[in-house]
Amino acid sequence: MSVSRPLPHDAARLHVTGQARYVDDIPSPAGTLHLAFGLSEITHGRITHLDLDPVRQAPGVKCVLVADDLPAANDVSPSAHDEPLLSTGSVHYVGQPIFLVVAASHQQARRAARMAVIDYAEEPAILTIDEALAADSRFENGPVEWATGDADQAIRDADHQLSRSLTMGGQEHFYLEGQAALAWPQEGGDMLVNTSTQHPTEIQHKVAEALGVPMHAVRVETRRMGGGFGGKESQGNALAVACAVAARATGRPCKMRYDRDDDMVITGKRHDFRIDYTVGYDEDGRIRGVFFEQFARCGWAMDLSLPVADRAMLHSDNAYHIENMRITSHRLKTNTQSATAYRGFGGPQGMLGIERVLDDVAFALGRDPLDVRRRNFYPSASAGSVPATTHYGMPVEDFVLDDICDRLAASSDYAARRQAVRDWNAANPILKKGIALTPVKFGISFTLTHLNQAGALVHVYQDGSIHLNHGGTEMGQGLFQKVAQVAAARFGVDLSMIKITATDTAKVPNTSATAASSGSDLNGMAVRIACDTIRDRLASFLAERHQAEAADVIFRDGQVHVGAESYPFATVINEAYMARISLSATGYYKTPKITWDRIRGRGRPFFYFAYGASVSEVVIDTLTGENRILRTDILHDAGASLNPALDIGQVEGAYVQGAGWLTMEELVWDDAGRLRTHAPSTYKIPACSDRPDDFRVTLYEMENREDTIYRSKAVGEPPFMHGISVLMALSDAVAACGSGGLYPDLDAPATPEQLLTAIERQRAAS
Amino acid sequence: MSMIHVSTTVNGDEVDFVCDPRETLLDVLRDRLALTGAKEGCGTGDCGACSVMVDDRLVCSCLMLGAEAEGKSIATVEGLAKGEDLHPLQEKFIEHAALQCGICTPGILVATKALLDKNPDPTETEVRYWLAGNLCRCTGYDKIIRAVMDTAADLRKAS
Ligand code: FES
Ligand code: FES
């Protein structure tokens, strides 16, 4: 059967030959115009004078659009209608689009965009968490607070208490393909948009609003992205809308792509957080109560910040059953890029908070952090036992981390290697090693319940070939291949019979973003349902023709078996066509079981949890702060994997990206609010030389207890958080530079500079 | 600005084009010659997505002007396969699932071929540092290394 096979990516042959078309590779129709935004140079203020004549007179420029030139809505926000495409007179961050240049070439548009003469009346800017708190600059009226048990009392009653604060930086997505869109005006005012987006329906919606037309007049098509990671959930809206309004204004196809620097300066990134914590714990390492205060820097517009901050709260328990927990979440408004979705969607930030608490407690007690972690785990799922509930009231029915940690600790030889690290550190004054094992429990489903739905469209043509379409988008994760494997399995045909087609709002409407790791869960099910509808029609037709039971008609190996007879699939299809059987169907799926009250913070927001654990061993050079990951072992739960090759690829890539977030990817804004790390020359993502020397990834093959597509589990986001073991291992290595009395207290990213400072603190204290 | 006429060889074929003297080789390949295999990931020589060979030297085509291609011989990812027959590196990248979104893949293949042409027996460390200029945001690089080492071993056996 085609499911569970380690097949390569469906477009792999196109990728290796350079034939795979991304938006910017689509041959532009004759007469295509190119766009660029003119950007705000200040952090906050009003535009007092805008002279665009030099821009208009620049070579190649066809026209320049400002807010007043827009035909209808001036908004590219995914939520709160607070994000104008073009400034209406005020500016809120360095990089905010003010005007739109339409020119004959990409370079001409970019050069002209720099030529405006703009005067501003500057206003005070709010850049940091402390400044935002002081000014009470926030989204929603005040902080959101959830509580379970009585945290304050439990902390007081515990044997020990400790309080500390952790800051963690944001993260640039650095999808290797920058944002891009192409709009083609059609007859009667219709618009066709090709764009690199995780959310075609939202692009359709925003373009329709911007043109003042119904959604039916806009069609959005996305074949593939060169990476997304959440950065193309809402951040592509501006380009698509810009192309559409410019195409309307000029009657010509219009294309826009951000140059890398513009992309980094304009678009939102992962939310940076500060988390303050107070924990009460007993001598044996058991946590009695925790109080978290989470501060999220959301930037100038709301975007998806509320659900991101919610998910940080939802993951503040990670794998630990803590009966008394209180969380206060501040969603702060600052004059910076509007922070947005990024793989994990707040989950990594919340999870890092509690992992830090466990590490801190273990250090204070002088115990192995793995023991302290395990002591606090949720009870394992077993028949007859009553599951413990999370701090938001969801029973944890599928907890498997005890088994995962047992196996991983054994396969990675954790205990012996931990001792070897101790021995190494005792013998070596300059190079210090560290090791850590951290677990992940990640909730799967959109927390906005209505988003948990998906549609599919399947056609079988007269020759037996199959056209497959669904609402999910392909950003490299292999979704299209996994879903095609499902379709091939349902019809019992070879994968070569299935044509995977571009996501298209004209084929499947009202789709959700491909996000929250839900792509194959939702779309795999919708496709299965569509295929089964056609299959059932074929079975009834054959049953009637051959006096058999429909239930006895089997689709396997390219044949359709009816009793003792079998017929080639293509022959059956042709006969069904001649007998006037419909060979096309839609499929629709909505996730069962979920309910969620986000105001109270109670309910079952997730269909299930995905689990995993990782061990990282690192070495640091105490003279320079330089460091390396020596070895990584990961055991990750992808349920009954639909495609182990693709899933292992997701785990490896996510781990390296997570490690990048916590170690080397540093976003720096200067005092004037300008992002100074806006290119790969200054913003460092992991390179080939940074990956672990020894990298062992295994899937924990165990069926999902919930009824998901072939009992698989979502795999896009959960492994990102395995990167946390790198930060904890670095902390372990830094601790080895001292005498054991001072917790290393590393902030993230733990850059060499940061490590060096922490090492000096250790040396000073010992 | 007056345009410049350039005669060059691309993937073995003689090619003539006219371009703006400020245009990069990458823009020429993509916009004038319809060879979109080389990608722009940064435009500043930091990501390797635009890697091509110029007279047997690996270069970032975003850092070279199209006009400088005069009289040179350019090789891009499009020239790697011979018709339907993939180059062994391409086969191995597919076999090892050494790609996800695939947008870094053309640059990585061109860079890797350059390495194997001059060093058929690289150590893993040599491969890692050779490819350190080719960023990939998706894969975490492990499968890329596996594919390269495996190709090198096969090519050595075959020769
Ligand atoms: S585009 Fe040339 S190195 Fe990045
Ligand atoms: S596969 Fe996406 S950047 Fe390498």
Side-chain angles (χ1 to χ4, degrees), chain A residues 6 8-9 11-22 24-25 27-28 59 105-107 173-178 224-229 257 259-261 474-478 645-646 648-657 679-681 685-693 695 697, chain B residues 1 20 22-23 27 30-31 34-47 49 76-78 80-81 86-87 89-91 93-109 124-125 127-145:
Chain A
H9 194 283
R13 194 182 166 93
L14 299 176
H15 290 146
V16 299
T17 53
Q19 304 304 310
R21 272 187 195 165
Y22 305 81
D24 194 42
D25 302 337
S28 301
S105 79
H106 174 72
Q107 295 302 350
H173 303 83
F174 213 91
Y175 25 66
L176 211 58
E177 175 210 28
R224 66 171 58 80
M225 283 162 270
F229 315 115
R257 67 179 168 94
D259 169 81
R260 179 61 60 186
D261 297 72
E474 177 63 42
M475 60 194 103
Q477 80 279 45
L646 296 176
I648 287 178
Q650 284 294 297
V651 176
E652 291 174 352
Y655 168 83
V656 169
Q657 210 174 73
S681 51
I685 69 167
C688 201
S689 44
D690 297 313
R691 97 183 214 298
D693 288 347
F695 198 5
V697 176
Chain B
M1 195 151 306
D20 184 310
R22 296 168 300 184
E23 246 173 272
D27 286 344
R30 294 179 54 81
D31 300 339
L35 292 170
T36 55
K39 311 293 181 189
E40 181 176 313
C42 66
T44 53
D46 296 304
C47 77
T76 71
V77 70
E78 286 91 345
L80 222 45
L86 296 182
H87 185 276
L89 259 179
Q90 293 172 309
E91 306 260 10
F93 268 61
I94 297 176
E95 185 187 319
H96 285 267
L99 53 88
Q100 290 181 26
C101 81
I103 199 157
C104 67
T105 312
I108 290 184
L109 289 170
E124 196 170 311
T125 306
V127 173
R128 288 168 53 139
Y129 283 84
W130 178 264
L131 289 180
N134 289 82
L135 298 179
C136 171
R137 190 51 149 168
C138 302
T139 63
Y141 304 103
D142 196 63
K143 293 178 190 304
I144 292 173
I145 305 284

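Letters A, B, ... are given to chains in the order of the sequence lines, protein chains preceding strands, and every chain is numbered from 1. On a predicted model such as this, the values are computed, not experimentally measured, just so you know.
Both the backbone and the side chain of B:K143 come within contact range of chain A, with heavy atoms under 4.5 Å apart. For chain A, the nearby part of B:I145 is the side chain; its heavy atoms alone come within less than 4.5 Å. Looking at A:Y22, only its side chain comes within 4.5 Å of chain B, counting heavy atoms on both sides. Both the backbone and the side chain of A:V16 come within less than 4.5 Å of a heavy atom of chain B. For a residue to count as touching a neighbouring chain, one of its non-hydrogen atoms must lie under 4.5 Å from one of that chain's; by this rule B:L109 touches chain A with the side chain only. The part of A:H173 that comes within reach of chain B is its backbone (N, CA, C, O), which places non-hydrogen atoms under 4.5 angstrom from that chain. Heavy-atom distances place both the backbone and the side chain of A:I648 under 4.5 Å from chain B. For B:N134, no part lies near chain A; criterion is any non-hydrogen pair under 4.5 Å. Neither the backbone nor the side chain of A:R21 comes within less than 4.5 Å of any heavy atom in chain B.
In terms of non-hydrogen atom pairs under 4.5 Å with chain B, the most contact-rich of A:D693, A:L14, A:L646, A:D259 is A:D693. Counting heavy-atom pairs closer than 4.5 Å to chain B, the top residue among A:H9, A:M225, A:Q657, A:Q650 is A:Q657. Ranked by non-hydrogen atom pairs under 4.5 Å with chain B, the options A:D261, A:V697, A:L176 are led by A:L176. Contact count versus chain B (heavy atoms, under 4.5 Å) is highest, among A:R224, A:E474, A:R13, for A:R13. Taking chain B as the reference chain and counting heavy-atom pairs below 4.5 Å, the highest number among A:P59, A:S28, A:G649 is found for A:G649. Ranked by heavy-atom pairs under 4.5 Å with chain A, the first of B:L131, B:D31, B:V77, B:I144 is B:V77.
Across B:G45 and B:C42, no two heavy atoms sit closer than the pair N-SG, 3.6 Å. When every heavy atom of B:Q90 is checked against every heavy atom of B:L80, the shortest pair comes out as NE2-CB, 3.6 Å. B:C101 approaches B:C138 most closely through the heavy-atom pair SG-SG, 3.6 Å.
Side chains of A:S105 and A:Q107: no donor on one and acceptor on the other come within 3.5 Å.
Salt-bridge formation is not detected for the pair A:D690/B:R128: no Lys NZ or Arg NE/NH1/NH2 atom is positioned less than 4.0 Å from an Asp or Glu carboxylate oxygen. The pair B:E40-A:R257 meets the salt-bridge criterion, since a charged nitrogen lies less than 4.0 angstrom from a carboxylate oxygen. A salt bridge links B:R30 with A:D24; the closest basic N to acidic carboxylate O contact falls under 4.0 Å.
In this structure the side chain of A:P692 reaches within 4.5 angstrom of the side chain of A:Y655, judged on heavy atoms.
Expressed to the nearest 0.5 Å, how far CG of B:L99 lies from SG of B:C104 amounts to 7.5 Å.
Remark: A:R260 qualifies as a cation-pi partner of A:F174 under the 6.0 Å distance and 45° angle criteria applied to the six-membered ring.
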